[in-house]
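This report refers to the structure that appears directly beneath it.
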Amino acid sequence: MPPDAAKEIEHVKSLVARHFPVYDVRVNYDVVEFYCKIDEDSLEESFERLREEMIPQGYIPMITYVKGEHVLVVGKKPSARHRSAYVNLAMLMITLITVTFAGILYWGSYAEVPGDEVYSPHNIAMSVLVFTLPLLAILGAHELAHFFAARRRRVAASLPFFIPSIPPFGTFGAFISLRDPIPNRKALLDIGVAGPIAGLLVAIMVGVAGLMLTNMEAKVVPDDLEPGDSLSIAFPLIYIGIEYLVPIEGDYLLHPMAFAAWVGFWVTAINLLPAGQLDGGHIARAVFGKHAKYASWATIAVLIGLSYFFLAWVILAILILVIGSRHPPPLNDINKLDTKRKALGIFAFIILVLAFVPVPMWITEIDHSFEITPSNGIGEILSPGETAVLSFHVENLGNVKSNLTIEFTDAPADWDVLLKPSDTNPSDYSSAILYQLNVSENMSFDASITPSETAAPGNQTITITGYALSPQGEVYFEGALQFNITVESPSLAFWFPENTLSISAGEEATTSIQVNNTGNGTVEIVMTALNSPSMVGVALYEDSLDVNSTTTLNLTVSEQSNSSFEVLIFVSSHAPPGETTLHIQATYHEIVLETIDITIIIE
């Protein structure tokens, strides 16, 4: 062993011996192992003093427990070239520009800024105010909290490096570089948890302000959104809780500041994943020790599984694997966490649950679908001229407000069919309805259906069709409902005082027949004398007999009224005596309603 090396080992041994009794020394290629007697009650404090003495001298101590012995391993601190603070400043300025560019797009779209004013000084200033500064404040608070926690634990760390990116965020976040190994589990947890908590607190304040601005601006979701026009995001539980305190008061677009808060919550959740070199990986290593590797592998597996629904998760899983899924141990991995820090680790896991969403965002697929359903059945039995009011509901099942046109598309031309919203006056009936239906709104409408007074008995299908239309008249979605209307035969009763007449040959006789209409509509029927007996003539008339009187008579009977007609029967002088029968038939739209038999006795 060279004299200088032996002298250096003795020097290092003297440093170690000040804090731990050394009973054996073993020299390896690049480290020296000191076998020490350890008092675990004072281990943490003694090791920390030793570390603080060795780091300035270019040595790094690490204590382990191997086969029943405490081994303190000392190696030389690798020489590192630290970047100038100007690099941090340059990356911050570039990120400021890229995030501002993203903010310009958000604010320009949100405020409906004309295309030629998107890059105006006012629009740029607004984007910086409502998006750039809030987002960088969240990220900056996160990384500065790491920085100051590291300084407090006497671990050298760089200032934050901000990473620029393209929209939608304009940044991939920020990080700090630790220039010293983590001394122990307590420091590992303190440094790891400081960033997420600080960033979360700022994100909550930004979120409250953003939701308040959302209500103040009250930018209603446009009616003419096309597929791909908007980005939808899923609120994590913590944002849902904030929205409970500051509820969005309408179907409004999210303010860019509220979106910046959402990005902050998402970044917090990603950092708290218990894997690799993420903040959550630091916390898991501090809490679970060497068993944290199982949490890291489980996290990677979950991310790969979730990538089926959100592809970016597999990219994050790959990054974790590339950077390293296993977290290196702290220099002192023997001392465990105290109860306070264990509780802090549990709190960090709760934050992860509250801030994480499996599918955080997606390009909106605009859905104008709706459903038309009957309120009180789809069938009705009506008399001609009778009116029925059938109600139906229209529910917006889509994700945007829809402009609906509702009309009858299949009904007999001579029927009276009208529509109106159920909560309006009868005077509001019309042949078609234009209505704007909000998301999840369920509106009730009335359909007034009146068969014509000449409607033929039988079944009719009445179709109501709704259309969700674009401002240009393009049909986004179409829905229909069919009503089955049965037109019943008119309610008529036939009364005649005489059904037997005695008439001498060469003579004539007259009898009356009364038709009573007990229904709700005027009825037109046809009375016909069928197959007059031989040598017997018949004429049907209402008021008076004239040259136009024949064996057929069109008779109109008003509702809840009656009409009468006369039957003139004349017998030929050559008719032989005997008995015969005259049949008079009442038909309605070729449907036989009644056949009246009159017996004639020829004398």
Side-chain angles (χ1 to χ4, degrees), residues 85 88-89 91-92 95-96 99 131-163 169-180 182-183 185-211 236-239 241-242 245 257-287 327 337 340-357:
N88 302 77
L89 181 60
M91 293 185 69
L92 172 61
T95 305
L96 184 66
V99 175
F131 185 75
T132 304
L133 292 181
L135 180 55
L136 292 184
I138 295 170
L139 299 178
H142 183 117
E143 296 306 327
L144 286 174
H146 284 316
F147 175 79
F148 287 115
R151 293 286 294 269
R152 181 173 176 271
R153 300 298 301 192
R154 293 183 174 85
V155 175
S158 70
L159 289 170
F161 290 92
F162 286 86
I163 309 172
F169 306 134
T171 177
F172 284 127
F175 68 93
I176 64 169
S177 175
L178 295 178
R179 295 169 178 173
D180 289 332
I182 304 293
R185 290 192 184 185
K186 290 181 181 180
L188 184 58
L189 187 133
D190 291 348
I191 296 172
V193 82
I197 291 178
L200 180 72
L201 292 175
V202 177
I204 289 174
M205 292 186 287
V206 172
V208 171
L211 293 182
L237 292 175
I238 191 167
Y239 217 160
I242 296 173
L245 299 175
M257 185 176 289
F259 180 63
W262 179 89
V263 175
F265 291 128
W266 192 38
V267 169
T268 299
I270 290 175
N271 276 283
L272 282 174
L273 291 173
Q277 300 295 315
L278 297 174
D279 295 340
H282 298 331
I283 297 168
R285 187 61 180 78
V287 174
H327 194 290
L337 295 179
K340 175 183 175 182
R341 285 180 171 82
K342 288 179 181 178
L344 194 59
I346 294 173
F347 178 67
F349 177 75
I350 294 173
I351 294 176
L352 170 61
V353 173
L354 295 177
F356 186 81
V357 283

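Residue numbers start at 1 and run along the sequence shown.
- The shortest distance between side-chain heavy atoms of L144 and P160 falls below 4.5 Å.
- What you find for A286 and R185 is that their closest heavy atoms are O-CD, 3.2 Å.
- Taking each heavy atom of G207 and I242 in turn, the nearest pair found is C-CG2, 4.4 Å.
- Using a 4.5 Å heavy-atom threshold, the side chains of L92 and N88 count as separate.
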(message) Using the rule given for side-chain contact (heavy atoms from CB on, under 4.5 Å), can you reason through V263 versus I138, listing the C-alpha separation, both sets of side-chain angles and the distance that settles it, and then say yes or no?
(response) CA-CA 9 Å; V263 175; I138 295 170; over 6 Å; no

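- In plain terms, the two heavy atoms of P183 and R153 that are nearest each other are CG-O, 4.4 Å.
- Rounding to the nearest 0.5 angstrom, the gap separating the CZ atom in F148 from the CD1 atom in I176 is 10.5 Å.
- Rounded to the nearest 0.5 angstrom, R151 CZ and I191 CD1 are separated by 12.0 Å.
- No more than 12 heavy atoms of other residues, nucleotides or ligands shown are found within 6.0 angstrom of CZ on F349.
- Checked by atom type and distance alone, the side chain of Y239 pairs as donor or acceptor with a backbone atom of A258 at under 3.5 Å.
- Atom CG of L136 sits about 7.0 Å away from atom OG1 of T171, to the nearest 0.5 Å.
- Residues P236 and L354 approach most closely at CB-O, 3.3 Å, considering heavy atoms.
- Here the two rings, on W262 and F265, have centers that are 6.0 Å apart or farther.
- Annotation for A145 and A198: closest pair CB-CB, 3.4 Å, computed over non-hydrogen atoms.
- In plain terms, the two heavy atoms of P134 and A260 that are nearest each other are CB-CB, 4.1 Å.
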(request) Show the numbers, then the answer: is there a side-chain contact (heavy atoms from CB on, under 4.5 Å) between R341 and D190? (result) CA-CA 8 Å; R341 285 180 171 82; D190 291 348; 3.0 Å; yes

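- Considering only heavy atoms from C-beta on, H146 comes within 4.5 Å of D279 through its side chain.
- To the nearest 0.5 Å, atom CG of residue L159 and atom CE of residue M91 are 12.5 Å apart.
- Two residues are said to be in side-chain contact when any heavy atoms from C-beta on lie closer than 4.5 Å; T95 and L139 fail this criterion.
- Considering only heavy atoms from C-beta on, F162 stays 4.5 Å or farther from L96 through its side chain.
- Applying the side chain to side chain contact (heavy atoms under 4.5 Å, CB included) test between F347 and each of I197, I283, V193, L352 identifies I197 as the sole match.
- Residues passing the side-chain hydrogen bond (donor to acceptor under 3.5 Å, both in side chains) test with H282 are H327, sequence neighbours excluded.
- Paired with F356 under the rule side chain to side chain contact (heavy atoms under 4.5 Å, CB included), one option of T268, I270, L272, L273 passes, and it is L273.
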